[in-house]
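The structure appears below as structure tokens.
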Amino acid sequence: MQHLKDLYHQHPTLSVGAVSALAFTVLVGLGRKYFLGPKVPTEYLKNKDLTNKIVIITGVAPNGIGYYTAEQLLSLGATVVLAVRNVKQGELTKQELIKSTKRENVNVMELDLSNLESVVKFVNEFKQKYNECHYLINNAGIMWHPHDVTKQGIEIQFGTNHIGHFLLTNLLLDTLKKSNARIINVSSLGHTFVSKESDVTGNGYSSYTSIDQVKGECKEQSTFNLYSRSKLANVLFTKKLNRLLMNDESGTKARAYSLHPGSVNTNLTRYAPGWLLYFIRPLVLYFCKTPLYGAQTSLYCALAPDEVLTPGAYYSDCKLKESTKFSNREELQDRLWDISTELCKSYL
């Protein structure tokens, strides 16, 4: 602002309006930069060689955070597997990635997280092609999806955002442990909206005390609440998984992390009410991250040195952040693990 004052004194013919307009433009630009958030430190990218490293990323599509996560890791030499529901669209995404990175070590494999049979098929095919997996980035997700169920009758958001990734991770666990992998679960700040003690105890909708709580359409809860429940599950799953890895008798160095990518301008909000999107669109364009910036915390968890990261922790804006107090309750983590195992028992 001092620079603008000096400019006015040096050029007194400038109108107050012109200086004010310039000041407003500068402030808007600085605000936009603030809301975009940080990028991965350059020292984590410089001379980083991921040659011979195998990466699985779920839910990769143009203009999504999975795309920019894949692009960066691919550019560093990794072999990237795009685990996608729509193979035809995945092949187009693959060509875009090859074009932007000039690297061809990217493959497309079909994975429908809302169908546990598809998860099993994906893992079997992956293990036929690869002996290692160094990064599993559970990125795919849906938000505020209309009430529905998965192929196995599980509430759609819980089933897709958590159960599909739970089964995927566990079926790959031997490979992940052998590879000393990083398992990165993309959660959301939305997990904090499970905020009442009654939500996580007794028969609370996020207490994970009964399979019946997560089976069927769960119309007694809003789609907002159901999304929050699935995102809390991501954080709880990460913490429980990391506890198991750190105590694994194999001595594996595989570790798990969860994160909030930020409020990102992607098609994740496609199920939001049309009237809401109409009114908030200008705000989204200003306050929300672009997908490139939304990918930064995923990349941070993948590329930061071991000594910088806290295993099992939750990250946002490339920094360690506190997750909700409920996420640290081991009994809640254990209950979630138990009902997830029960739901997947026919496929494990």
Side-chain angles (χ1 to χ4, degrees), residues 113-114 138-150 154-167 169 183-243 256-264 268-269 271-273 276 294 297 310 312-317 320-344:
L113 290 162
S114 68
N138 291 322
N139 168 80
I142 54 176
M143 183 171 74
W144 307 338
H145 193 289
H147 292 97
D148 203 350
V149 295
T150 68
I154 304 165
E155 188 276 313
I156 190 70
Q157 294 189 82
F158 186 79
T160 302
N161 294 347
H162 168 62
I163 291 296
H165 284 128
F166 175 87
L167 180 61
T169 304
I183 299 129
I184 299 166
N185 296 316
V186 179
S187 180
S188 166
L189 182 66
H191 86 276
T192 64
F193 290 106
V194 181
S195 58
K196 299 176 183 177
E197 186 70 26
S198 59
D199 292 339
V200 298
T201 56
N203 292 318
Y205 78 99
S206 294
S207 64
Y208 312 115
T209 53
S210 168
I211 286 179
D212 292 338
Q213 293 173 337
V214 296
K215 293 279 280 186
E217 296 186 4
C218 299
K219 286 188 175 180
E220 68 276 7
Q221 294 294 331
S222 69
T223 57
F224 179 90
N225 283 352
L226 295 174
Y227 174 73
S228 299
R229 176 174 70 180
S230 73
K231 293 290 102 178
L232 175 61
N234 293 152
V235 182
L236 292 165
F237 168 51
T238 300
K239 291 180 179 291
K240 170 69 174 184
L241 174 62
N242 196 72
R243 278 198 285 139
Y257 308 89
S258 65
L259 65 96
H260 169 51
S263 297
V264 187
L268 190 64
T269 58
Y271 296 115
L276 178 61
T297 304
T310 301
Y314 172 78
Y315 286 82
S316 180
D317 280 334
L320 183 66
K321 292 290 176 70
E322 283 292 325
S323 54
T324 177
K325 62 182 180 181
F326 299 138
S327 68
N328 293 313
R329 294 186 182 178
E330 291 190 1
E331 69 274 17
L332 192 60
Q333 299 168 16
D334 293 344
R335 289 204 302 267
L336 172 66
W337 189 278
D338 289 345
I339 70 161
S340 300
T341 301
E342 181 68 17
L343 287 165
C344 295

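- Rounding to the nearest 0.5 Å gives a distance of 9.0 Å between OG1 of Thr341 and CG of Leu336.
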Residues Ser316, Leu189; criterion side-chain contact (heavy atoms from CB on, under 4.5 Å); working and verdict: CA-CA 9 Å; Ser316 180; Leu189 182 66; over 6 Å; no
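- To the nearest 0.5 angstrom, Ile142 atom CD1 is 4.5 Å from Ile156 atom CD1.
- With sequence neighbours excluded, the residues satisfying ring pair (Phe, Tyr, Trp, His ring centres under 6.0 Å) with Phe193 are Phe224.
- Taking every heavy atom of both residues into account, Gln221 and Leu226 meet most closely at CB-CD2, 3.8 Å.
- Listed here is the closest heavy atom pair of Ala140 and Leu113: CB-CD1, 3.6 Å.
- Residues Ala313 and Leu320 come closest through the heavy atom pair CB-CD1, 3.3 Å.
- Among residues at least two apart or in separate chains, side chain to side chain donor-acceptor pair (under 3.5 Å) pairs with a member in residues 202-211 are Ser207-Thr209, Ser207-Gln213, Thr209-Gln213.
- A salt bridge (Lys or Arg N to Asp or Glu O under 4.0 Å) check over residues 227-239, counting only residues at least two apart or in different chains, returns the pairs Glu155-Arg229.
- Exactly one of Lys240, Arg243, Arg335 qualifies for a salt bridge (Lys or Arg N to Asp or Glu O under 4.0 Å) with Glu330. That residue is Arg243.
- Taking 4.5 Å as the limit, some side-chain heavy atom of Leu241 sits within range of a side-chain heavy atom of Thr169.
- The ring pair (Phe, Tyr, Trp, His ring centres under 6.0 Å) check on Phe237 picks up His162, Phe166, Trp337, with sequence neighbours excluded.
- Going from atom NE2 of His191 over to atom OG of Ser323 covers 4.5 Å, rounded to the nearest 0.5 Å.
- Among residues two or more places apart in sequence or in another chain, the side-chain hydrogen bond (donor to acceptor under 3.5 Å, both in side chains) test is passed with Glu342 by Lys345.
- Minimum heavy-atom separation, Val186 to Asn139: CG2-CA, 3.8 Å.
- A search for side-chain contact (heavy atoms from CB on, under 4.5 Å) contacts involving Asp338 returns nothing, not counting sequence neighbours.
- By the side-chain contact (heavy atoms from CB on, under 4.5 Å) test, Asp317 is found to be paired with Pro38, Lys289, Lys321, residues two or more places apart in sequence or in another chain being considered.
- Residues in residues 192-209 take part in these salt bridge (Lys or Arg N to Asp or Glu O under 4.0 Å) pairs, two or more places apart or across chains: Glu197-Arg329.
- Side chains of Ser187 and Leu259 form no contact here, defined as non-hydrogen atoms less than 4.5 Å apart.
- For Asn234 and Asn185, the side-chain atoms include no donor-acceptor pair closer than 3.5 Å.
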Intermediate values then yes/no, ring pair (Phe, Tyr, Trp, His ring centres under 6.0 Å), Tyr227 and His145: CA-CA 8 Å; Tyr227 174 73; His145 193 289; over 10 Å; no
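- Every residue two or more places apart in sequence or in another chain was checked for a side-chain hydrogen bond (donor to acceptor under 3.5 Å, both in side chains) with Ser228, and none qualifies.
- Distance check, rounded to the nearest 0.5 Å: CG of Leu236 to OG of Ser258 gives 9.0 Å.
- One distance of note links OH of Tyr315 with NE2 of His260; it measures 16.0 Å at 0.5 Å rounding.
- Pairs of residues two or more places apart, or lying in two chains, that qualify as salt bridge (Lys or Arg N to Asp or Glu O under 4.0 Å) and include a residue from residues 204-225 are Glu217-Lys219.
- Of all non-hydrogen atoms in Thr223 and His147, the two that sit nearest each other are CG2-CE1, 3.7 Å.
- With sequence neighbours excluded, the residues satisfying side-chain hydrogen bond (donor to acceptor under 3.5 Å, both in side chains) with Asn161 are Ser230.
- Atoms SG and CD1, on Cys344 and Ile339 in that order, are 10.0 Å from each other to the nearest 0.5 Å.
- Across every non-hydrogen atom of Ala233 and Phe158, the tightest pair is CB-CE1, 4.0 Å.
- For the pair Ile184/Asn138, no side-chain contact is recorded, criterion being any heavy-atom separation below 4.5 Å from C-beta on.
- Shown here are the side-chain hydrogen bond (donor to acceptor under 3.5 Å, both in side chains) partners of His165, two or more places apart in sequence or in another chain: Thr58.
- Looking at Ser195 and Thr324, their side chains never come closer than 4.5 Å, going by heavy atoms from C-beta outward.
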